[in-house]
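Please read these numbers as outputs of a predicted model, since none were measured by experiment. Below, read A as the first sequence line, B as the second, and so on, with proteins coming before strands; counting in each chain starts at 1.
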2 protein chains.
Amino acid sequence: MPSSRLDEIDRKILAELQADGRMTNVELASRVGISAPPCLRRVRTLEEQGYIRGYHADVDARELGFEVQVYAMVGLQSQAEADLSAFEERCRNWPLVRECHMLNGEVDFILKCVAPDLSTFQRFLTEELTAADNVGSVKTSLVIRGAKDEPGVPFDVLEERLNRSA
Amino acid sequence: MPSSRLDEIDRKILAELQADGRMTNVELASRVGISAPPCLRRVRTLEEQGYIRGYHADVDARELGFEVQVYAMVGLQSQAEADLSAFEERCRNWPLVRECHMLNGEVDFILKCVAPDLSTFQRFLTEELTAADNVGSVKTSLVIRGAKDEPGVPFDVLEERLNRSA
DNA sequence: GTGATGACGAAATATTATTGCGCAAGCTAG
DNA sequence: CTAGCTTGCGCAATAATATTTCGTCATCAC
């Protein structure tokens, strides 16, 4: 089992690759202040240890014709673990559902959905989601516009925190 | 102005890079069935035209100590455009807020937040978010667990749709 | 001390990215 | 129908990167 705690260089690597996942290893190495070979070794290790789950191009959904984005709040009738899992599995199989998170509070799940147009979404909503087994309530909200969309880790907060405890 | 409609190869490129943003151009070219140089030219064009907004490593926030993820539903007191914009700008400056989307319906905004622990989030919630100018109501829900998290475009749906209209 | 361990970096090699052409297909005007 | 233009492909050469190899140094346990 690897010791696995990260040093400052590892954190810099993660921050840089989160900001630009296609940066060359040479550029990355120079930014974090070491030479290319150890830098690449660190990246591989971070990938293997799961700190980096993958790399993805950020594709503009609207440009591709997915004009509609919706958040759906879903309440189930039964919250037994088997029923929760079953619903999660169904979400994984619905391509229009891009995210599904289980929440505490009045609502059981929040879903982020996309669709080419409203009628496609409405059809999905009425024929699939609302109609699905064990689904009690569904409340949807259209996304009017996005103001910030930077999933990931706020590395500046992380560094502050480490400096304080140091 | 570029003609800008995408052909099947472009869509395949986008799908592949969305799935693996660090794929080499050689590998990508072979997957989409053309040679490397035109493939690279297409990628550059897609970037320039905004179909690809960027590339990002998907970093595991929990592994880095951000144990808490929260959705916050925010209602404002005034929905005048200037006030909406002001709130959005504030969200962009809060590092714990990773996403901010304006919604229709009862709630004005949904925010996705992360924090190292509950007390850090509570402090942010009470001292920053709830206390901010023009903020009326805030309801928060902790993410218990994530079941699906694949932001992006469902290219299979897109292809189906194009085949139908063809 | 001294041998084991881990990580670095220079140098060599293997892969990729990128550039520079030439060619062919599709279009258009005459 | 055909010259001339446009667009996009791919080969081949070149420039950059990635990756491997290996020698060195610091640390640490004994």
Original post:
Between A:L40 and B:D7, which is nearer to the 5' end of DNA chain D once each is assigned its nearest nucleotide?
Top reply: B:D7
Whole angstrom value for the distance that separates [atom2] of [N] from [atom1] of [X]:
X	N	atom1	atom2	value
B:R5	D:dG8	CZ	P	15 Å
B:N25	D:dA15	CG	C1'	15 Å
A:I34	D:dC25	CD1	P	20 Å
B:L28	C:dT16	CG	C1'	13 Å
B:M23	D:dT17	CE	P	21 Å
A:I9	C:dG6	CD1	P	18 Å

Original post:
Do the charged groups of A:E128 and A:R123 touch, with an N to O distance under 4.0 Å?
Top reply: no
Subject >> Salt-bridge present (B:K148, A:E99; N to O < 4.0 Å) >> reply: no
Of all the nucleotides listed ([options]), which has the minimum atom distance to the side chain of [X]?
X	options	value
A:R44	D:dT17, C:dA17, D:dT19	D:dT19
B:P37	C:dT19, C:dG9, D:dA18	C:dT19
A:R22	D:dT17, C:dA17, C:dT19	C:dA17

**OP:** Check the side chains of A:Y55 and A:E47 for a donor-acceptor pair under 3.5 angstrom, ignoring hydrogens and angles.
**Re:** yes
Original post:
Given the side-chain rings of A:Y71 and B:H101, with only the six-membered ring counted for Trp, is the space between their centroids under 6.0 Å?
Top reply: yes
**OP:** Determine the contact category for B:S35: base if any of its heavy atoms lies under 4.0 Å from a base atom, sugar-phosphate if only primed atoms, P, OP1 or OP2 are that close, otherwise nothing.
**Re:** base
Original post:
With sugar-phosphate meaning primed atoms plus P, OP1 and OP2, does B:R42 contact a base, only sugar-phosphate, or nothing at under 4.0 Å between heavy atoms?
Top reply: sugar-phosphate
Original post:
Below 4.0 angstrom from OP1 or OP2 of C:dT18, is there any side-chain N or O of B:R41?
Top reply: no
